[in-house]
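Have a look at the structure below, then the notes.
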Amino acid sequence: MKRLPLLAIIMGIASLIPIIGCTCAIIFLSPTVTPRMLEVTVGYGTVMLSFMGAVHWGLALETPAIITPGQEAGKTNTYRLLLGSVPAGIGWLALCAAMFHELAALLMLMAGFGGMLVVERMAWRKGAMPRGYMTLQWIVVTVVEVCLLTVTVMALSWKYTA
């Protein structure tokens with residue numbers, strides 16, 4: 001596959017600004033603001049997770065089927081289209097869960113990002129991802145996971161100090 005464009009790298013890193021901003025707001029702003037920021041964090045995490053799935057849709061629709069030994073043509077793109085939809089579903093469930101239990105929503109998002117990283121690593125090992133993509137994903141997902149973990153710890157501290 002071709003190399004990842006520089007703009008994709010810049011935008012991937014820039015996509016971290018809102019989640020880092022939400023995390024900082026939750027840490028440093030007044031406790032009266034933080035519940036709303038928690039909702040915003042879950043919402044943006046959902047958007048990011050959905051976008052990660054959409055990357056696979058784009059690759060499946062743009063490129064011809066990748067044929068691996070022992071696999072029939074088109075099956076890889078079928079898997080891509082199906083698995084590309086899963087992150088949006090996980091994000092939607094996390095948004096629904098956030099209405100009742102924000103910690104469950106955060107844990108669902110953390111699991112979703114971790115799962116995407118595993119699936120993308122498998123695709124990368126088969127040559128189905130552009131060069132540089134996994135490096136970018138490791139950076140993005142690591143920062144997102146640290147932010148979500150920090151927000152989870154902060155939310156737990158509110159529950160036990162209130």
Side-chain angles (χ1 to χ4, degrees), residues 1-28 36-69 71-98 105-154:
M1 290 201 91
K2 59 185 176 183
R3 166 177 254 165
L4 195 63
L6 179 61
L7 184 58
I9 296 167
I10 292 168
M11 296 308 294
I13 299 299
S15 74
L16 294 169
I17 294 169
I19 200 146
I20 292 170
C22 287
T23 303
C24 290
I26 287 170
I27 293 170
F28 299 114
R36 289 287 179 203
M37 290 309 299
L38 181 60
E39 292 173 13
V40 172
T41 303
V42 170
Y44 188 69
T46 296
V47 169
M48 286 186 79
L49 192 57
S50 296
F51 188 81
M52 287 174 74
V55 166
H56 293 276
W57 267 69
L59 288 170
L61 296 174
E62 178 188 318
T63 59
I66 297 165
I67 303 169
T68 55
Q71 191 175 42
E72 50 187 84
K75 219 170 198 177
T76 299
N77 282 347
T78 301
Y79 290 142
R80 265 205 158 132
L81 291 171
L82 291 171
L83 291 174
S85 300
V86 171
I90 293 170
W92 178 77
L93 288 173
L95 277 176
C96 292
L106 292 166
L107 293 173
M108 290 172 76
L109 287 175
M110 285 191 278
F113 279 103
M116 275 306 293
L117 202 57
V118 168
V119 169
E120 288 180 336
R121 171 100 170 121
M122 290 173 15
W124 175 79
R125 290 186 74 184
K126 290 182 178 182
M129 303 303 286
R131 283 189 310 155
Y133 183 80
M134 279 314 298
T135 303
L136 176 63
Q137 286 305 85
W138 277 106
I139 293 166
V140 169
V141 171
T142 299
V143 171
V144 168
E145 293 282 15
V146 167
C147 288
L148 292 174
L149 183 61
T150 302
V151 170
T152 301
V153 169
M154 292 299 295

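The shown structure was predicted, so the numbers you read here are calculated from the model rather than taken from an experiment. Quick note: residue numbers are just sequence positions, from 1.
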If I take atom CG from residue L83 and atom CE from residue M116, how far apart are they, to the nearest 0.5 angstrom? 8.0 Å

Which distance, rounded to the nearest 0.5 Å, do you find between the CH2 of W57 and the CG of L82? 8.5 Å

Applying side-chain hydrogen bond (donor to acceptor under 3.5 Å, both in side chains) as the test, list every pair that has at least one member in residues 110-122; sequence neighbours left out. H56-E120, E120-Y133, E120-Q137

For the residue pair E145 and L117, establish whether any side-chain heavy-atom pair is separated by less than 4.5 Å. no

Determine all donor-acceptor pairs shorter than 3.5 Å in which one atom belongs to a side chain in residues 7-23; sequence neighbours excluded.
{"unit_1": "S15", "atom_1": "OG", "unit_2": "G12", "atom_2": "O", "d": "2.6"}
{"unit_1": "T23", "atom_1": "OG1", "unit_2": "I19", "atom_2": "O", "d": "2.8"}

Report the distance from atom CG of L93 to atom OG1 of T46, rounding to the nearest 0.5 Å. 9.5 Å

Just one of L38, I27, L149 clears the side-chain contact (heavy atoms from CB on, under 4.5 Å) bar with M154, so which one? I27

Assess the residue pair V42 and E39 against the criterion (side chain to side chain contact (heavy atoms under 4.5 Å, CB included)); give the C-alpha distance rounded to whole Å, side-chain angles, the decisive distance to 0.1 Å, and a yes or no. CA-CA 5 Å; V42 170; E39 292 173 13; 5.9 Å; no

From L81 CG over to L59 CG, what is the distance, rounded to the nearest 0.5 angstrom? 10.5 Å

Decide whether W92 and S50 meet the rule of one side-chain donor and one side-chain acceptor closer than 3.5 Å. no

Sub-4.5 Å side-chain heavy-atom contact between M52 and V140: no

Would you name the heavy atoms of A105 and A94 that are closest together and state the gap between them? CB-O, 3.1 Å

To the nearest 0.5 Å, what is the distance between CG (L4) and CG (L136)? 6.0 Å

Point-to-point distance, once rounded to the nearest 0.5 Å, from CG of L109 to SG of C147: 12.5 Å

